[in-house]
Amino acid sequence: QVQLVESGGGLVQAGDSLRLSCAASGRTFSSLAMGWFRQTPGKEREFVAAISRSGGTTGYVDSVKGRFTISRDNAKNSVYLQMNSLKPEDTAVYYCAATPRRYYTDSYGDYDYWGQGTQVTVSS
(Lines give C-alpha, C1' and ligand atoms only; values in the text may rest on other atoms or scores of the structure.)
Protein backbone atom coordinates (compact mmCIF):
# COMPACT_ATOMS: atom_id res chain seq x y z
CA GLN A 1 0.00 0.00 0.00
CA VAL A 2 1.17 3.50 -0.84
CA GLN A 3 0.14 6.66 0.94
CA LEU A 4 0.36 9.97 -0.88
CA VAL A 5 -0.02 13.39 0.73
CA GLU A 6 -0.15 16.55 -1.38
CA SER A 7 0.63 20.05 -0.19
CA GLY A 8 1.31 23.48 -1.60
CA GLY A 9 -2.04 24.46 -3.05
CA GLY A 10 -3.59 27.86 -2.46
CA LEU A 11 -5.13 31.01 -3.89
CA VAL A 12 -2.98 33.01 -6.29
CA GLN A 13 -3.40 35.59 -9.01
CA ALA A 14 -3.03 34.97 -12.73
CA GLY A 15 0.64 34.98 -13.66
CA ASP A 16 1.81 33.79 -10.27
CA SER A 17 3.59 30.54 -9.45
CA LEU A 18 2.94 27.67 -7.09
CA ARG A 19 4.86 24.52 -6.25
CA LEU A 20 2.93 21.43 -5.33
CA SER A 21 4.57 18.65 -3.37
CA CYS A 22 3.56 15.05 -2.87
CA ALA A 23 5.14 12.91 -0.18
CA ALA A 24 4.94 9.14 -0.59
CA SER A 25 5.26 6.35 1.93
CA GLY A 26 4.62 2.64 2.17
CA ARG A 27 6.66 1.42 -0.79
CA THR A 28 10.08 2.05 -2.29
CA PHE A 29 9.50 5.36 -4.02
CA SER A 30 11.90 4.65 -6.87
CA SER A 31 9.73 1.68 -7.87
CA LEU A 32 6.85 4.02 -8.73
CA ALA A 33 6.13 6.22 -11.70
CA MET A 34 4.28 9.32 -10.57
CA GLY A 35 1.67 11.60 -12.04
CA TRP A 36 -0.35 14.72 -11.36
CA PHE A 37 -3.99 15.01 -12.34
CA ARG A 38 -6.55 17.75 -11.78
CA GLN A 39 -10.30 17.92 -11.53
CA THR A 40 -12.96 20.61 -11.51
CA PRO A 41 -16.59 20.11 -10.45
CA GLY A 42 -18.64 18.23 -13.00
CA LYS A 43 -15.64 17.22 -15.09
CA GLU A 44 -13.51 14.11 -15.34
CA ARG A 45 -10.10 13.98 -13.74
CA GLU A 46 -7.58 15.31 -16.25
CA PHE A 47 -3.96 14.26 -16.75
CA VAL A 48 -1.50 17.10 -16.13
CA ALA A 49 2.01 15.64 -15.94
CA ALA A 50 3.88 12.45 -15.18
CA ILE A 51 7.40 11.25 -14.58
CA SER A 52 9.10 7.88 -14.86
CA ARG A 53 10.64 6.00 -11.96
CA SER A 54 14.09 7.41 -12.56
CA GLY A 55 12.89 10.88 -13.46
CA GLY A 56 14.48 10.60 -16.86
CA THR A 57 11.23 10.82 -18.80
CA THR A 58 8.38 13.25 -18.35
CA GLY A 59 5.13 14.04 -20.11
CA TYR A 60 2.62 16.88 -20.03
CA VAL A 61 -0.80 17.76 -21.27
CA ASP A 62 -0.50 20.34 -24.05
CA SER A 63 -2.20 23.09 -22.05
CA VAL A 64 0.59 23.19 -19.44
CA LYS A 65 3.67 22.58 -21.60
CA GLY A 66 6.22 25.31 -21.08
CA ARG A 67 4.55 26.45 -17.84
CA PHE A 68 4.56 23.41 -15.54
CA THR A 69 7.50 21.20 -14.61
CA ILE A 70 7.29 17.86 -12.86
CA SER A 71 10.28 16.57 -10.92
CA ARG A 72 11.06 14.03 -8.26
CA ASP A 73 13.55 13.45 -5.49
CA ASN A 74 13.80 9.74 -4.81
CA ALA A 75 15.94 10.37 -1.73
CA LYS A 76 13.08 12.39 -0.23
CA ASN A 77 10.26 10.15 -1.51
CA SER A 78 8.67 13.16 -3.11
CA VAL A 79 7.38 14.42 -6.42
CA TYR A 80 6.81 18.06 -7.27
CA LEU A 81 4.85 20.13 -9.72
CA GLN A 82 6.24 23.60 -10.35
CA MET A 83 3.48 25.72 -11.88
CA ASN A 84 4.42 29.04 -13.46
CA SER A 85 2.38 31.62 -15.34
CA LEU A 86 -0.79 30.29 -13.79
CA LYS A 87 -4.09 30.97 -15.52
CA PRO A 88 -7.65 30.98 -14.15
CA GLU A 89 -8.32 27.82 -16.17
CA ASP A 90 -5.69 26.02 -14.07
CA THR A 91 -8.06 26.27 -11.11
CA ALA A 92 -8.81 22.74 -9.90
CA VAL A 93 -8.13 20.18 -7.23
CA TYR A 94 -4.75 18.66 -8.00
CA TYR A 95 -4.11 15.00 -7.23
CA CYS A 96 -0.88 13.10 -6.96
CA ALA A 97 -0.94 9.51 -8.23
CA ALA A 98 1.42 6.55 -8.27
CA THR A 99 1.80 3.46 -10.42
CA PRO A 100 4.27 0.56 -10.34
CA ARG A 101 4.80 0.95 -14.08
CA ARG A 102 8.38 1.70 -15.10
CA TYR A 103 7.50 4.48 -17.51
CA TYR A 104 5.11 7.34 -17.05
CA THR A 105 1.54 7.05 -18.23
CA ASP A 106 -1.16 9.63 -18.86
CA SER A 107 -4.01 7.19 -18.32
CA TYR A 108 -6.11 7.61 -15.20
CA GLY A 109 -6.79 3.88 -15.00
CA ASP A 110 -3.09 2.98 -14.88
CA TYR A 111 -2.61 4.58 -11.47
CA ASP A 112 -3.20 2.48 -8.39
CA TYR A 113 -2.69 5.02 -5.63
CA TRP A 114 -4.05 8.53 -5.15
CA GLY A 115 -3.63 11.37 -2.70
CA GLN A 116 -6.48 13.35 -1.19
CA GLY A 117 -5.94 16.36 -3.44
CA THR A 118 -4.97 19.98 -2.91
CA GLN A 119 -6.97 22.97 -4.13
CA VAL A 120 -5.39 25.44 -6.52
CA THR A 121 -7.37 28.59 -7.25
CA VAL A 122 -6.15 31.18 -9.73
CA SER A 123 -7.96 34.50 -9.78
CA SER A 124 -8.00 36.77 -12.81
Side-chain angles (χ1 to χ4, degrees):
Q1 193 72 4
V2 175
Q3 293 77 44
L4 302 172
V5 179
E6 303 98 333
S7 61
L11 172 63
V12 297
Q13 293 186 334
D16 285 351
S17 298
L18 273 178
R19 188 192 194 208
L20 304 183
S21 299
C22 173
S25 61
R27 180 168 174 162
T28 302
F29 186 65
S30 58
S31 70
L32 299 167
M34 302 296 296
W36 286 97
F37 287 72
R38 64 188 179 187
Q39 189 169 24
T40 54
K43 293 188 177 181
E44 294 186 351
R45 200 164 293 189
E46 175 193 32
F47 169 76
V48 177
I51 190 167
S52 61
R53 292 177 178 178
S54 67
T57 307
T58 58
Y60 301 89
V61 67
D62 285 345
S63 60
V64 308
K65 285 180 180 177
R67 300 188 298 122
F68 291 11
T69 302
I70 188 171
S71 62
R72 66 189 295 159
D73 186 338
N74 286 349
K76 295 184 177 180
N77 295 342
S78 294
V79 62
Y80 309 99
L81 186 67
Q82 178 66 44
M83 305 186 294
N84 298 330
S85 302
L86 282 161
K87 304 175 180 180
E89 51 263 44
D90 295 319
T91 295
V93 177
Y94 283 72
Y95 296 90
C96 174
T99 174
R101 290 171 176 262
R102 179 182 299 273
Y103 300 107
Y104 79 83
T105 172
D106 60 5
S107 177
Y108 172 89
D110 289 338
Y111 288 86
D112 298 313
Y113 308 103
W114 293 86
Q116 82 289 349
T118 186
Q119 177 70 48
V120 171
T121 303
V122 185
S123 64
S124 57

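Here the structure is a predicted model, which means the values were calculated and not measured. Positions are given from 1, in the same order as the sequence printed here.
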Check for a donor-acceptor pair, side chain of [X] on one end and backbone N or O of [Y] on the other, with a separation under 3.5 Å.
| X | Y | answer |
| --- | --- | --- |
| Glu6 | Gly117 | yes |
| Thr99 | Asp110 | yes |
| Arg27 | Val2 | no |
| Asn74 | Arg53 | yes |
| Ser124 | Pro88 | no |
| Tyr60 | Ile70 | yes |

[X] versus [Y], closest heavy-atom pair with distance:
| X | Y | result |
| --- | --- | --- |
| Tyr80 | Asp73 | CE1-CB, 4.0 Å |
| Trp36 | Ser21 | CH2-O, 3.7 Å |
| Arg38 | Ala92 | CB-CB, 3.7 Å |
| Ser17 | Gln82 | CB-NE2, 3.9 Å |
| Phe68 | Val48 | CD2-CG1, 3.8 Å |
| Ala50 | Tyr111 | CB-OH, 3.5 Å |

Interatomic distance, [X] atom [atom1] to [Y] atom [atom2] [nearest 0.5 angstrom]:
| X | Y | atom1 | atom2 | answer |
| --- | --- | --- | --- | --- |
| Glu89 | Ser63 | CD | OG | 8.5 Å |
| Ser78 | Leu4 | OG | CG | 10.5 Å |
| Thr40 | Glu46 | OG1 | CD | 8.0 Å |
| Glu44 | Gln39 | CD | CD | 8.5 Å |
| Ser54 | Arg102 | OG | CZ | 9.0 Å |
| Thr69 | Leu81 | OG1 | CG | 8.0 Å |

For Phe29, enumerate each residue passing the ring-ring contact (aromatic ring centres under 6.0 Å, His included) test, keeping only those at least two apart in sequence or located in another chain.
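None.
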Which residues share a ring-ring contact (aromatic ring centres under 6.0 Å, His included) with Tyr94, sequence neighbours left out:
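In terms of ring-ring contact (aromatic ring centres under 6.0 Å, His included), with neighbours along the sequence ignored, Tyr94 is linked to no residue.
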Begin with the C-alpha distance, continue with both residues' side-chain angles, and end with the deciding distance and a verdict on side chain to side chain contact (heavy atoms under 4.5 Å, CB included) for Cys96 and Trp114.
CA-CA 6 Å; Cys96 174; Trp114 293 86; over 6 Å; no
Do you know which of Thr118, Asp90, Thr121, Leu86 makes side-chain contact (heavy atoms from CB on, under 4.5 Å) with Leu18?
Leu86
Is Asp62 salt-bridged to Lys65, going by a charged N under 4.0 Å from an acidic O?
yes
Any chain of hydrophobic side-chain contacts (each under 4.5 Å) joining Tyr104 to Met83?
no
Phe47 and Phe37 aromatic ring geometry - parallel, tilted or perpendicular at 30°/60° bounds
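The rings of Phe37 and Phe47 stand perpendicular, inter-plane angle above 60°.
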